[in-house]
2 protein chains.
Amino acid sequence: MADIDYIKENRLEDTGFAHTIQLIGGKYKMQTLYALRLNHTPLRYNALKRLLTPISFKMLTNTLQELEVAGLVYREVFPQVPPKVEYSLTSLGESLIPVMDEICTWGEQHQHSNG
Amino acid sequence: MADIDYIKENRLEDTGFAHTIQLIGGKYKMQTLYALRLNHTPLRYNALKRLLTPISFKMLTNTLQELEVAGLVYREVFPQVPPKVEYSLTSLGESLIPVMDEICTWGEQHQHSNG
DNA sequence: AGTAATACTCTCCTTTGGGTTAGTAGCGCA
DNA sequence: TGCGCTACTAACCCAAAGGAGAGTATTACT
């Protein structure tokens, strides 16, 4: 089923595929999501940065903001000094994990079969 | 299980996810694949161009070459004048359709759930 | 007084993806 | 004779994605 109409409508932007890829298609989007589901434990900014090395501050901030806006991660600020911010997966974010797993699985099964 | 090790290995490039996205992540990659599976009929270059409007020559050629190198589409040249080239899905290309369908389905189910 | 720690923000630079336009070869048709 | 059809290729350009490095506020510790 999925998308066939897009071919005559010429609007890939409105497609479910485009929506999904926009959410997880960035360079570190999926890595971030996977890191957050590792232990079902919220992670702090610098902990994430260490896990996602060699990500830059800019990219980590961008990535987290976009994931938060998309409703995939939850951001909790603890008003203390030095600052503390924890990130965790929302249920929507968790619902994406199986989809990403399938993409990974297909890729793993086929990435060494040619080339 | 998919990919968890990538986090400590810091090499997203070797991940199945990255491999899959590289194949279908371009602007017209998935559209092209879907177009080719429409009727299980091979399509000629200009027919594809019409279907994928407003794609440019450059992008269509790029897309088809990359899909061919990836083993997802089959390219058959008929040595005649004017030239005739037909493109069709390989079985590997067809095996990707269900994965793309899932990505589309998730996207369609969730793209209107938050503003 | 100076340094470390946290979670950022800001600016500048390079790389990549994609767009636009023009050109190629050989034949049929007017 | 010259235009159109086919399936391209090559050149140049722009915008967005991503990378590198410095700067910010507040407090505790030495």
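What you are looking at is a predicted structure, and each value in this text was computed from that prediction instead of being measured. Residue numbers start from 1 in every chain, and the chains themselves are labelled A, B, ... in the order their sequence lines are given, proteins ahead of strands.
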> List in chain and number order the residues that pass side chain to side chain donor-acceptor pair (under 3.5 Å) with B:Lys49, two or more places apart in sequence or in another chain; answer none if no residue qualifies.
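None.
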> Quick one: list whatever passes salt bridge (Lys or Arg N to Asp or Glu O under 4.0 Å) with A:Lys84, sequence neighbours left out.
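Testing A:Lys84 for salt bridge (Lys or Arg N to Asp or Glu O under 4.0 Å), a comparison that skips the adjacent residues, returns A:Glu86.
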> Determine whether A:Leu36 and A:Leu48 make a side-chain contact, defined as any pair of heavy atoms from C-beta on separated by less than 4.5 Å.
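They are in contact (side-chain heavy atoms under 4.5 Å apart), so the answer is yes.
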> Tell me every residue that passes side chain to side chain donor-acceptor pair (under 3.5 Å) with A:Tyr45, counting only those two or more places apart in sequence or in another chain.
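Here the qualifying residues are A:Thr61.
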> Rounded to whole Å, please give me the gap between NZ in A:Lys84 and C1' in C:dT6.
12 Å
> Is there a continuous path of hydrophobic side-chain contacts, each under 4.5 Å between heavy atoms, that joins B:Tyr74 to B:Leu92?
no
> Donor-acceptor pair, B:Thr63 side chain versus B:Lys29 backbone, under 3.5 Å?
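No, B:Thr63 side chain to B:Lys29 backbone: no donor-acceptor pair under 3.5 Å.
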> What is the distance from atom OG of B:Ser88 to atom CG of B:Leu43, rounded to the nearest 0.5 Å?
9.0 Å
> Which whole-number value in Å describes the distance from A:Asn46 CG to C:dA5 C1'?
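One finds 9 Å between C1' of C:dA5 and CG of A:Asn46, rounded.
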> Give the rounded distance in Å between these two atoms: CG of B:Asn62 and P of D:dA7.
17 Å
> Check the distance between C:dT20's P and B:Leu60's CG and give it to me in whole angstrom.
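It works out to 14 Å between those atoms.
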> Reckon B:Tyr87 touches a base, only the sugar-phosphate, or nothing at all at heavy-atom distances under 4.0 Å?
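Sugar-phosphate: the residue B:Tyr87, judged by heavy atoms under 4.0 Å, touches backbone atoms but no base.
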> For B:Tyr45 and C:dA25, give me the distance from atom OH to atom C1', rounded to whole Å.
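Spelled out: OH on B:Tyr45 to C1' on C:dA25 is 16 Å.
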> What string of B, S and - do you get for nucleotides 16-30 of chain D, 5' to 3', when a contact is any protein heavy atom under 4.0 Å?
--BBB-B---BS---
> Report the end-to-end axis angle of the helix from C:dA1-D:dT30 to C:dA30-D:dT1; each axis comes from five terminal pairs, and the value is rounded to 10°.
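Result, rounded to 10 degrees: 30°.
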> Given atom CD of B:Gln80 and atom P of C:dC27, what is their separation to the nearest angstrom?
13 Å
> Nearest whole angstrom, please: distance from the C1' of D:dC8 to the NZ of B:Lys49.
12 Å
> Can you list everything that forms a side-chain contact (heavy atoms from CB on, under 4.5 Å) with A:Val85? Sequence neighbours excluded, please.
A:Arg75, A:Val77, A:Tyr87
> OP1 or OP2 of C:dT6 versus the side-chain N and O atoms of A:Arg44: is any pair under 4.0 Å?
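No, A:Arg44 has no side-chain N/O under 4.0 Å of OP1/OP2 on C:dT6.
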> Between atom CD in A:Gln65 and atom C1' in C:dC10, what is the gap in whole Å?
13 Å
> Hey, are A:Arg37 and A:Glu94 close enough for a salt bridge, meaning a charged N less than 4.0 Å from a carboxylate O?
no
